[in-house]
Amino acid sequence: GHGIADVFMGMPHRGRVNLLVNLLRMPVAEVLDHFQRQPRHPEAQTDLIYHRGGRRRLATRAGEVMLRLAPNPSHLQSVYPVVMGMAHACQRAGTPALAIVMHGDAAFAGQGVVMETLALTQKAGYSVGGTVHVVINNQVGFTELNLMDAQAARYCTDVTRMVDAPVLRVSADAPEDVLRAAAIAVDWRMRFGTDIVIDLIGYRRLGHSEHDAPKVTNPLGYALTEHKPSVVDLYGAALASDGPAGDAQMAARIAATRRAVREAFGHAAPVPATHLHFIPSDKGAEAGARAYERVLQDFYGADRLDPNRPL
């Protein structure tokens, strides 16, 4: 309802597969093909799945909006200023655009490009009219206050004090609270035109990779995490107790979704998806993506990046 036509998103690797599948609707079989030792379509895998971008034209009650997730083959926060440039160019061309950037807790507090870009986008020549930041905070990379260090930051979001951005802290185990925080954040950005931060506080159930054993470095924390119900189980139980669905119906719905994902391992993944690049939805979006499109054409070949390809 705010008149936004294009949403430009940037994020590190954490949570990218989730977003590609659940928001941008990348086929599950295509995602899982990246994890096979002998993928059925290796020619489609021009990069790791954790680096891939995507786009989707989403119909909402207020009209259509184009969602664009920037690929991020570089390290963590490097994509942040790239997305700012894309959103700024789109706005300069006359198309209302919103920038949403997701961050890891440690990288948000520790990488200098975050502070540099926060400062840069306060200048008129680089402003995007405020950015919605989402810190995916698993409470691993950024640890609690060191009582022996009076200068230590208490929160990973303390860096945003430099631009007076408000911070909304919300539990990742409470989806409806997360939705409310998101609505507040967008309303703030649209009314005041400044940055705002959602500190999405969760946890990491497994290690950083297949080789990581987190119980070694955090035995007490992971003793609790191991037995903690997932957000799916918690929210499913809450919906069942509140009446929208019974226990049996909710359990069947969750089981069916998980079964569909498992079955995708046995199905052939479709050959390349149009998820690697951006397809301009109008003149304004084209201004924001033109330079990036040229780079991809040079690298992948123009035939792989046909702008007339249907969504």
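This chain uses plain numbering: 1 for the first residue, then up along the sequence.
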Hey, which of Val113, Asn72, Leu118 is the one that makes side-chain contact (heavy atoms from CB on, under 4.5 Å) with Tyr80?
->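 Exactly one option meets the side-chain contact (heavy atoms from CB on, under 4.5 Å) with Tyr80, and it is Leu118.
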Spacing of [X] atom [atom1] and [Y] atom [atom2] [to the nearest 0.5 Å]:
X	Y	atom1	atom2	answer
Leu19	Ile136	CG	CD1	8.5 Å
Ile100	Phe8	CD1	CZ	11.5 Å
Arg55	Asp6	CZ	CG	12.5 Å
Leu179	Asp177	CG	CG	9.5 Å
Met115	Thr160	CE	OG1	10.5 Å
Met86	Gln91	CE	CD	12.5 Å

Inspect the surroundings of CD in Glu64 and state if more than 12 heavy atoms from other residues, nucleotides or ligands are less than 6.0 Å away.
-> yes
Within-4.5 Å side-chain heavy-atom neighbours: [X] and [Y]:
X	Y	result
Thr117	Gln77	no
Leu23	Met9	yes
Asp187	His2	yes

Is there a donor-acceptor contact under 3.5 Å from the side chain of [X] to the main chain of [Y]?
X	Y	value
His103	Val135	no
Arg189	Gly130	yes
Arg16	Met11	yes

Tell me the closest heavy-atom pair linking [X] and [Y], and the distance in Å.
X	Y	value
Ala109	Cys156	CB-O, 3.7 Å
Ala172	Val231	O-CG2, 3.5 Å
Tyr235	Pro175	CG-CG, 3.8 Å
Pro73	Asp47	CB-OD2, 3.7 Å
Gly104	Pro12	N-CG, 4.1 Å

Could you pull out all donor-acceptor pairs under 3.5 Å where a side-chain atom in residues 194-203 meets a protein atom, sequence neighbours excluded?
residue, atom, partner, partner atom, Å
Thr194, OG1, Trp188, NE1, 2.9
Asp195, OD1, Thr131, N, 3.2
Asp195, OD2, His133, NE2, 2.8
Asp199, OD1, Asn137, ND2, 3.1
Asp199, OD2, Arg169, NH1, 2.7
Tyr203, OH, Arg205, NH2, 2.9

Count I, L, V, M, F, W, Y as connected when their side-chain heavy atoms are under 4.5 Å apart, and connections chain through other members. Are [X] and [Y] then in the same cluster?
X	Y	answer
Leu234	Val178	no
Val28	Leu48	no
Phe108	Leu76	no

Verify side-chain hydrogen bond (donor to acceptor under 3.5 Å, both in side chains) between His34 and Arg52, making sure each step is shown before the conclusion.
-> CA-CA 11 Å; His34 284 73; Arg52 294 273 296 273; 3.1 Å; yes
Under a side-chain separation threshold of 4.5 Å, the hydrophobic residues clustered together with Tyr126 are Leu120
Ile49 vs Leu20, side chain to side chain contact (heavy atoms under 4.5 Å, CB included): CA-CA, chis, key distance, verdict | CA-CA 9 Å; Ile49 189 65; Leu20 285 171; 4.0 Å; yes
